[in-house]
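Down below is the structure, laid out as structure tokens.
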Amino acid sequence: MATIDGLPPLREVIQTHDLVAKKALGQNFLLDMNLTAKIARMAGDLTACDVLEVGPGPGGLTRGLLVEGARRVLAIEKDPRCIAALMEIAAVYPNRLSVLNADALTVDAGALLTPPIRVIANLPYNVGTELLIRWLSPAIWPPFWQSLTLMFQKEVAERIVARPKTDHYGRLALLAQWRCDAKIVMHLPPEAFTPAPKVHSAVVHLTRLDAPRFEANFNVLQRITAMAFNQRRKMLRSSLKGLHPNIEGLLTACEIPPTARAEEISLQQFCSLSRAFAAA
Ligand code: SAM
């Protein structure tokens with residue numbers, strides 16, 4: 001069967017290179033090239049961008065990125081079995097695909113690419129959240145990337161875009177929305193993947209803001225949200241008791257009811273409390 005890029009169908013690639021999926025590496029592959037090209041389009045115009053892809057596997061999304069015109073793709077894959085298949089793609093797109101056989105957690109990818117840079121990936125479930133937190137927490141903002149278009153388990157995607165007073169609202173939503181616009185752009189059922197995972201998935205698109213939405217010190221904000229959400233059902237005057245001897249006064253000065261719970265407090269209010277705490 002013909003493919004949109006003339007390369008062999010992904011099922012054939014998997015057979016040829018004997019890429020039996022390994023659960024420990026979070027391997028759930030996308031084999032439909034129309035779908036991978038659609039995910040690439042969700043990231044916006046790629047023609048003037050370098051793209052970082054983590055976990056290319058047999059290369060379905062990688063091929064989608066190249067078909068959609070990415071200027072250059074750096075694909076970091078931990079599984080050495082996938083490298084030969086990826087090098088076959090690189091041969092068809094001279095100077096546009098670099099493949100690195102490495103653990104993405106150990107690579108300073110920003111240093112290897114030329115801005116503007118977009119990160120686009122169907123992330124391995126076991127390191128996906130850790131990578132996202134790292135990309136959202138660099139020492140200097142703005143970060144090396146312009147946008148992140150990332151596949152997660154649906155539940156993680158909902159935690160990233162969650163609003164106050166909802167079950168999924170917590171530290172991940174606050175961190176993501178403090179520094180980015182974040183939205184879910186696609187939902188995928190388990191059958192979209194081979195092998196099919198147990199859960200549904202979703203693609204989240206995050207666009208960085210030039211500066212955080214509200215002023216706050218990163219470390220202070222992290223400390224306060226950690227304390228507040230570690231005991232999310234408790235009133236703030238109790239969960240934040242160890243933060244300051246007069247926590248009730250601090251909360252009241254920020255117009256936050258001391259009896260409110262973490263999940264009721266907006267990003268703006270958490271930032272305001274961070275500033276008040278830093279000043280105190
Ligand atoms: N992008 C492919 C697709 O959409 O079909 C594969 C996605 S699969 C969910 C995740 C991929 O990440 C696998 O190929 C796995 O080997 C790779 N991987 C797992 N941990 C990794 C790590 N720490 N660094 C780089 N790649 C990793």
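Sequence positions, counted from 1, serve as the residue numbers for this chain. Remember, it's 1-based here, ligands and their atoms both numbered in the order they're listed.
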Quiz prompt | Asn246, CG: over 12 other non-hydrogen atoms inside 6.0 angstrom | solution = yes
The protein heavy atom nearest to atom 1 (N) of ligand 1 is Gly55 O, 2.7 Å
In this structure, CZ of Arg233 is separated from CZ of Arg261 (nearest 0.5 Å) by 8.5 Å
Next on the checklist: Just by distance, no angles: are the side chains of Ser98 and Arg72 close enough, under 3.5 Å, to form a donor-acceptor pair?
Outcome noted: yes
Checking heavy-atom distances from atom 13 (C) of ligand 1 to each of Glu53, Lys22, Gln27, the winner is Gln27
The atoms of ligand 1 lying under 4.0 Å from a heavy atom of Gly26, numbered in the order shown, are 8 (S), 9 (C), 10 (C)
The closest protein heavy-atom partner of atom 19 (C) of ligand 1 is Leu25 O, 3.2 Å
Atom 3 (C) of ligand 1 has as its nearest protein heavy atom Asn122 ND2, 3.5 Å
Atom 27 (C) of ligand 1: closest protein heavy atom, distance to 0.1 Å, is Lys78 CB, 3.7 Å
- Evaluate side-chain contact (heavy atoms from CB on, under 4.5 Å) for Leu172 paired with Ile133, printing each intermediate quantity in order. CA-CA 8 Å; Leu172 198 55; Ile133 290 172; 3.9 Å; yes
Looking at Ala21, Gly60, Pro56, Pro80, the heavy atom closest to atom 2 (C) of ligand 1 belongs to Pro56
Numbered in order shown, the ligand 1 atoms found under 4.0 Å of a heavy atom of Gly57 are 14 (O)
Only one of Val73, Leu97, Thr3 passes side chain to side chain contact (heavy atoms under 4.5 Å, CB included) with Arg63, and that residue is Thr3
Quiz item: Charged N to carboxylate O under 4.0 angstrom, Glu263 versus Arg232?
Solution: yes
Notebook entry, point to check: Just checking, any donor-acceptor pair under 3.5 angstrom between side chains of Ser201 and Gln153?
Noted result: no
Would you please say whether a donor-acceptor pair under 3.5 Å links the side chains of Asn101 and Glu77? no
the protein heavy atom lying closest to atom 14 (O) of ligand 1 turns out to be Glu77 OE1, 2.8 Å
Atom 5 (O) of ligand 1: closest protein heavy atom, distance to 0.1 Å, is Leu30 N, 2.8 Å
For the residue pair Arg213 / Gln268, report whether a side-chain donor-acceptor contact shorter than 3.5 Å exists.
no
If you scan protein heavy atoms around atom 24 (N) of ligand 1, the nearest is Ala104 N, 2.9 Å
In this structure, atom 18 (N) of ligand 1 is nearest to the protein heavy atom Pro124 CG, 3.7 Å
Quick look: Ala102 vs ligand 1, heavy-atom contacts under 4.0 Å, and the answer is backbone
Nearest non-hydrogen contact to atom 23 (N) of ligand 1 from the set Leu123, Leu131, Asp103, Asp79 belongs to Asp103
query = For Leu105, is the nearest heavy atom under 4.0 Å from an atom of ligand 1?
reply = no
For a quick check under 3.5 Å, do Glu88 and His17 share a side-chain donor-acceptor pair by atom type? yes
For Ile76, the atoms of ligand 1 under 4.0 Å from one of its heavy atoms are 25 (C), 26 (N)
